[in-house]
Amino acid sequence: MREVAVVGVSMVKFGRYNDKDVVRLASEAAVGALRDAGIGIKDVQVLVSGNLYQANGMVGQRIVKEIGATGMPVINVANACATGSTAFREAYLAVASGAYDIALAVGSEQMGKMGLLGGGGGGGDPAYNPEGIMGTNLMPGVFAMTGVEHMRKYGTTIEQFAKVAVKNHKHSTLNPYAQYQIETPLEMVLNARMIAWPNTLYMCCPTGDGAAAAVLMSAEKARQFTSKPIWVAASVLTSDPWTERNPTMWDVNTLTRMAAKQAYEQAGIGPDELDMVELHDCFATAELVHYENLMLCGEGEAGEFIDKGMPYHRNLGGKIPVNVSGGLLSKGHPLGATGVANIVEIVWHLREQAGDRQIPGAKVGLAHVIGLGSACTIHILKR
Amino acid sequence: MAQETATQEQVKEKKVRPLVPFLRVPDGWPDEPAYIFGSRCQECGALFLGERYACARCGAVEKFDEVRLSDEGHIYVFTVIHQTFPGIEAPYIAAIIDLPEGISVRANVYGLDPNKPDVSWFGKKVRMKVEKIRVDREGNDVVAPKYYVVE
């Protein structure tokens with residue numbers, strides 16, 4: 001496999017865009033990344049588009065019909081919440097394999113006020129929808145139980161989960177790209193409306209619209225266009241291995257652990273060498289378990305890790321900053337855009353372009369995404 | 001024509017249908033008990049809810065023994081759902097219930113106060129009762145396993 005660099009990145013701030021369709025949002029992100037790379041659409045040899053809710057809508061082709069219909073190969077990718085990061089990985093593989101020298105990955109989603117995900121009964125008789133009788137398969141409940149399992153195993157407290165939300169909302173105040181930039185003290189998080197115990201409103205990510213894009217190049221091409229290439233040191237994708245309770249109880253831990261192990265090996269970089277982590281905090285309970293899954297702390301130590309403020313920005317006393325963007329909890333989670341946006345955030349830090357939230361001297365970052373069903377991606381980027 | 005007549009007769013005859021495919025409701029229900037069942041892989045012993053074509057653990061194809069699963073189990077983990085779809089009564093307790101056969105069921109738990117979730121709920125014993133929950137579009141009774149806390 002060849003070395004691959006990220007040369008251009010861009011994102012459209014996550015939010016609600018009633019006056020723009022998803023192709024427009026994706027096109028703005030794509031053009032932004034091309035400009036950032038200093039190239040035009042005619043230089044792009046392959047485009048990979050990630051979009052979940054319009055997965056059958058040929059979003060990738062609609063993007064090139066908007067910004068430059070060159071006849072290039074276009075691939076549409078859907079992989080639950082890991083849709084964007086899977087699109088990035090496919091673009092990475094297209095270049096790493098030697099098949100192409102310049103690839104464009106675009107992640108986009110328009111959710112509006114879609115609300116709860118995961119409980120669709122399909123087109124059948126609603127009398128057979130098991131939701132609310134056979135427990136829950138909606139995302140808030142699923143990820144609540146992920147945290148409750150950690151409570152059962154290690155005595156983790158509701159306050160410890162809530163502190164994750166306090167941290168990420170605090171971080172968001174410095175990120176102009178975040179959908180919400182509201183600081184939420186601990187009492188405010190704990191006293192907010194309960195969604196699925198123990199996650200209150202501020203411990204759940206919002207729905208929204210948005211897009212993000214990245215231009216990837218071979219090493220040779222990258223050196224032509226930038227003096228600051230950001231290297232893809234690891235790109236990993238896993239699905240669920242068989243475990244006893246899965247899929248009755250979704251298991252977000254095992255495939256993340258597999259991916260982390262593979263990614264650290266591929267990169268030759270250990271968790272203690274990371275300057276920043278953007279991980280999949282769709283709910284506060286999820287972030288906490290991933291501290292252990294990504295080996296940022298030891299087994300059963302995630303509660304103590306947040307108590308000590310370890311995952312805060314270094315300017316706020318943290319040691320391994322997690323989700324300095326504000327995470328999904330504040331930055332937002334337009335499904336297909338999320339995975340690319342995580343990578344964009346890390347690239348900005350590694351290039352010292354992250355403004356007020358810049359992690360000083362950041363050299364290595366890890367982006368983690370998980371989509372239920374399940375798909376887990378981990379990318380390690382270095383400068 | 002013959003086929004059409006048969007279909008109409010089927011509709012007239014109200015049936016009892018399970019909410020989930022791993023619930024078996026005998027014709028004689030409720031006198032004859034309904035039960036949940038699984039499939040155990042003959043090659044590696046992995047157990048799955050309901051019927052299976054192949055084994056996700058070892059890949060064996062169509063090599064399963066049907067296992068009748070216990071009515072009783074223990075709460076592994078739970079949550080309390082406060083926000084859900086319209087038409088679903090909330091708050092309610094959703095749980096993962098471990099059965100003695102080494103498999104789990106996802107289900108509501110009844111008999112605890114959803115407004116007072118507590119870690120003492122871990123491990124609580126529950127027992128299944130199969131009850132009619134609603135009627136489908138064709139007028140059939142839909143039945144489901146409901147788990148009640150024992151003691």
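Reckoned from all heavy atoms, side chains included, excluding hydrogens, waters and symmetry mates. Chain letters run A, B, ... following the sequence lines, proteins first, then strands; residues in each count from 1. Just so it is clear, the model here is predicted, and its values are computed rather than measured.
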Are any non-hydrogen side-chain atoms of [X] and [Y] less than 4.5 angstrom apart?
X	Y	answer
B/Val77	A/Met249	yes
B/Arg137	A/Pro126	yes
B/Phe78	A/Arg152	no
A/Ile195	B/His82	no

Legend entry - Distance, nearest 0.5 Å, that separates CZ of B/Arg106 from CD of A/Glu131: 8.0 Å
Legend entry - Gap between atom OG1 of A/Thr248 and atom CZ of B/Phe22 - 0.5 Å precision: 7.0 Å
Inset, instruction - Return the option, out of A/Asn199, A/Asp240, A/Val148, with the maximum number of heavy-atom pairs under 4.5 Å with chain B. - result: A/Val148
Legend entry - Geometric cation-pi criterion A/Arg245 and B/Tyr76, 6.0 Å radius, 45° cone: yes
Legend entry - Backbone N/O of A/Trp242 and side chain of B/Arg57: donor-acceptor pair under 3.5 Å: no
Inset, instruction - Report yes or no: does A/Thr136 contribute a side-chain atom to a donor-acceptor pair with the main-chain N or O of B/Ala94 at less than 3.5 Å? - result: no
Looking only at non-hydrogen atoms, find the nearest pair between [X] and [Y] and report the distance.
X	Y	result
B/Thr79	A/Ala196	OG1-C, 3.6 Å
A/Asn129	B/Arg134	O-NH1, 3.2 Å
B/Asn108	A/Gly135	OD1-N, 2.9 Å

Legend entry - Steps toward side chain to side chain contact (heavy atoms under 4.5 Å, CB included) verdict (A/Asp125, B/Glu138): CA-CA 9 Å; A/Asp125 187 335; B/Glu138 293 171 355; 5.9 Å; no
Take atom [atom1] in [X]; do more than 12 heavy atoms of anything else shown fall under 6.0 Å from it?
X	atom1	result
B/Lys63	NZ	no
B/Glu101	CD	yes
B/Glu89	CD	no
A/Tyr202	OH	no

Side chain from CB out, backbone as N, CA, C, O: work out which of these in [X] comes under 4.5 Å of a heavy atom of chain A, or both, or neither.
X	answer
B/Leu19	both
B/Leu23	neither
B/Ala95	backbone
B/Leu49	side chain
B/Val109	neither
B/Pro145	both
B/Ile103	neither

Legend entry - Contact residues of residues 116-125 of chain B (partner chain A; heavy-atom separation under 4.5 angstrom): B/Pro117, B/Val119, B/Phe122, B/Gly123
Inset, instruction - Kindly indicate, with the supporting measurements, whether the criterion side chain to side chain contact (heavy atoms under 4.5 Å, CB included) is fulfilled by B/Phe85 and A/Leu138. - result: CA-CA 9 Å; B/Phe85 291 148; A/Leu138 295 175; 3.5 Å; yes
Inset, instruction - Could you tell me which residues in residues 283-293 of chain A have at least one non-hydrogen atom under 4.5 Å from a non-hydrogen atom of chain B, sorted by residue number? - result: none
Inset, instruction - Applying side chain to side chain contact (heavy atoms under 4.5 Å, CB included), run through A/Arg193 and B/Gln83 and close with a yes or a no. - result: CA-CA 9 Å; A/Arg193 183 159 56 89; B/Gln83 185 164 328; 2.5 Å; yes
Legend entry - Atom group of A/Glu244 that falls short of 4.5 Å from chain B, counting heavy atoms: side chain
